[in-house]
Amino acid sequence: MASKLLPLIALVAAALLPLLTGSTYFHHLMVLWLLYALLALSLNIIIGYLGELTFGHAAFFGIGAYAAAILGMDYGLAGIPGILAAGLVAGLFGLVIGYVALRIVGPQFAILTLGFGSIIYTITNYWVDVTRGPMGISNIPPLTFFGGALTLESAQQYYYVALICVVAFAYACYALVHSRTGRAFIATRENPQLAASIGIDIFHMKLLGFVVATAIAGIGGALYAHYVKVITPELMGLQYMSALIIMVIVGGRGTIAGPIIGALIYVGLLELLRPLGAMRLVIFAALLIASVIFLPGGIVSLWRRYVEQPVLRKTATPQPSATVEAAE
Amino acid sequence: MEFVVFAQQVVNGLVNGMAYVLIATGLTLIFGVLRIVNFAHGEFYMLGAFFTYYVVSLAGLDYVSATIIATAVVAAVGILANRLFFWPLRREHEFTILLSSLGLALLLTNGGEVVFGADPKYVSSPFSDEIVEMGNLIVTQQRVVIFAVGVIVLIALYLFIKNSRMGKMMRATAQNPEGAALTGINIRQVHTYTFALACGLAALAGALVGPTAMIYPTVGGWAVLKGFIVVIMGGLGSIPGALVGGLALGVIESLGGGYISLGFAEAIGYAIIIIVLLWRPQGLFGTARRA
C-alpha cells in the first residue's frame, strides 16, 4: 500500500516545492534538477534495464539541444513541434548509432559509444556554419506554446513543464517495465542467451530501448536549450557524460526513483560544494568511487535494505542491487 | 615536391602513431591480461608528462633522467591504483570495475587541476630544438626520439612477455585466470606487474610527447580517447593490434589533417572505428563477444 502512495506523495511534494520559496535561484536549481532527472531516467533505460554501459548519452542531449535551437531560430519550428522534432532527430541518431554499436556488448560497447559521442562532439565543434562552433548558440528564444499565446518566462514555469515531462516519462518507464517489452528487456539483461532461446529478438529489443532513451535525451536537451538559452559543444563533453552516469549510479540504476534522486544529489551537492571551487569535482569523483564500491545499488538500495524488509518481492520490478547482494 | 609533402605527412603520422601505440599497448595489456577496461589510463599519461615537467623544473635534473624517474614513479602510482581501485573489485561485474576506473579518472583529472593548476605547461627537452634532415624530410630530434624509444620499448616488451617468467604468467592469466591460479600462479603479483607495466608505458608516452605540445591536467581525456580508438580498431587485448592500429591512426590522421581539414582529422579516427567495426566487430586482431 505504502509503495502505491509514495509516488503520489512525492508528486504532490514536487508540485508544491516551488511555492515554498520565492527565490528564483532555488527555482533555477529545481529546474536543473528536473532536466537532469529526465536525462538520467533516459540513461537508466540503457544502463539499468538493458544492462549496457554507454558513454555517449551526453551527445544525444547535445543533439537535442542543438536541433531545438537551430530548428527554432533558423527554421521557425518553435514550441512543442520543435521539441518533438529535437527528440526525433536525437532518436534518429540513436537509431543509426545503436544499429552499429549494439552489434557488440560489454566494455567494447561502452568504448564504442564513447567514440560516437566524441565524433558528434568534434563535428559540433568544427562545423561552424551550422553549429557556430565552440562559441555555441546564444539568445535562444524561450519556449512558446499555442502559436505564441503562452511564452515561458520564469524558472517556475519551466519547472512545471519539466515536471510534466519527468512524471510522464517516469510513468512510461514504470509501464514499460511491467509490460511484455519491459520483461523482455530484463530477461535480455539478466541472461542474453536464455532470452534469445525463448524467442526474444535481443538486437531489436536493445535497439528499441536505445532509440527511446536517446529520443528522450533529445527532448531533455531541447528543454535545456530553451531554458538556459545558451548552448555550447561542451554539453556533449566528458563532464556531462560522467555527470549523467554519476546520477544514475549514485541514485540507483534499474529503478525509477534512483535517477531522480541521483539528479537531486548531483545538483544539490554541486551547489553546496561551490565554495570549494575545483575541489568539488574531486569530491564528486570520490563519491562515485565510494558508491560503486560500497553501495552498488545506489542510494535507493538503502531504502530497500532498511525500510522494507529484505524479503523476496512479488513484483517484477528489476532489482540489480538485489542480484548483486544475493551473489555476495 | 608533391611527394615530399606526402612523405612528410606520413613521417609525422608515424611519429604521432608511435605515441598512440605506447598509450594503447598499456590499455590493451590491462584488458588482455586482467579483463579490465581502464578508463583512467589516460591519466597516467597526464601524470607522466607532469612529473617529468616537475622533475625538470623543480629538481633541476636533465630531461632523460626526469623521463626515467617519472616513468618509475607513475608505475608505482599504477600499483597503488590497482591495490585501491581494481584489486578489491576483481570478482565484481565488469561494469563495476569500469565505473570505478571512471571515478579514478575523474579523481586524477580534477585532482590534477587542483594540484598542478589548470594553465598549460611546457616540458622542455634538449631534443626539441634540434632538427634531423633526411633527404627533403625534416623532423625534430624529439620526434626521432619518440619513434626510437617506442620501437625499443615494444621489442623489450615483446621479449619480456614471450620469455620471462612473469611474461609467461601473464599470458597464462590472460588465457584462463582460474586455471592459472590453480597451477600456482600468484594472480595478485600478475595484477601488480601488469598495472606497473601499463601505467609505466602510459607515463613514458606522456614524458616523450610532453615536449612536442603543451600539457594540461585534462590531457588524459584526450590520451584515453586515442588509446580507445586504437584498441577498438586493433582489437581489445591484442598487442599487434595496438601496434598496427596506432600507426595506422597516426598516419590516417596526419594525411586527413593535411589534405582534408585539420578539424575533421579528429573525427576521422572515430569514423575509421565505425567502418572497421561494421566489417569486423571484434577489431582487426581481436576477439569480442557478439550480441
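Chain A is the first sequence line, chain B the second, and so forth, proteins listed ahead of strands; every chain is numbered from 1.
With chain B as the partner, the residue from V292(A), I111(A), V100(A) showing the most heavy-atom pairs under 4.5 Å is I111(A). Interface summary for chain A: among L99(B), V37(B), L89(B), the most heavy-atom pairs under 4.5 angstrom belong to L99(B). Heavy-atom pairs under 4.5 Å with chain B were tallied for E52(A), R280(A), Q193(A); the largest tally goes to E52(A). The candidate with the highest count of non-hydrogen atom pairs below 4.5 Å against chain B, out of S118(A), G115(A), S242(A), P192(A), is S118(A).
I246(A) touches chain B through its side chain: at least one heavy atom from C-beta onward sits under 4.5 Å away, while N, CA, C and O do not. There is no contact between A290(A) and chain B, counting heavy-atom distances below 4.5 Å. In this structure, the portion of F55(A) lying under 4.5 Å from any heavy atom of chain B is its side chain and not its backbone. There is no contact between I97(A) and chain B, counting heavy-atom distances below 4.5 Å. For chain A, the nearby part of L225(B) is the side chain; its heavy atoms alone come within less than 4.5 Å. In this structure, chain B has a heavy atom under 4.5 Å from the side chain of I249(A), while its backbone stays farther away.
Within the model, atoms CG of L106(B) and CD1 of I245(A) stand 9.0 Å from one another, a figure rounded to the nearest 0.5 Å.
A 6.0 Å sphere centred on CZ of F185(A) holds more than 12 heavy atoms belonging to other residues, nucleotides or ligands.
Counting only residues at least two apart or on different chains, the ring pair (Phe, Tyr, Trp, His ring centres under 6.0 Å) pairs with a member in residues 268-289 of chain A are Y266(A)-F284(A).
Across all their heavy atoms, A285(A) and G103(B) have their closest contact at CB-O, 3.5 Å. Heavy atoms only, all atoms of each residue included: V282(A) and L107(B) are closest at O-CD1, 3.5 Å.
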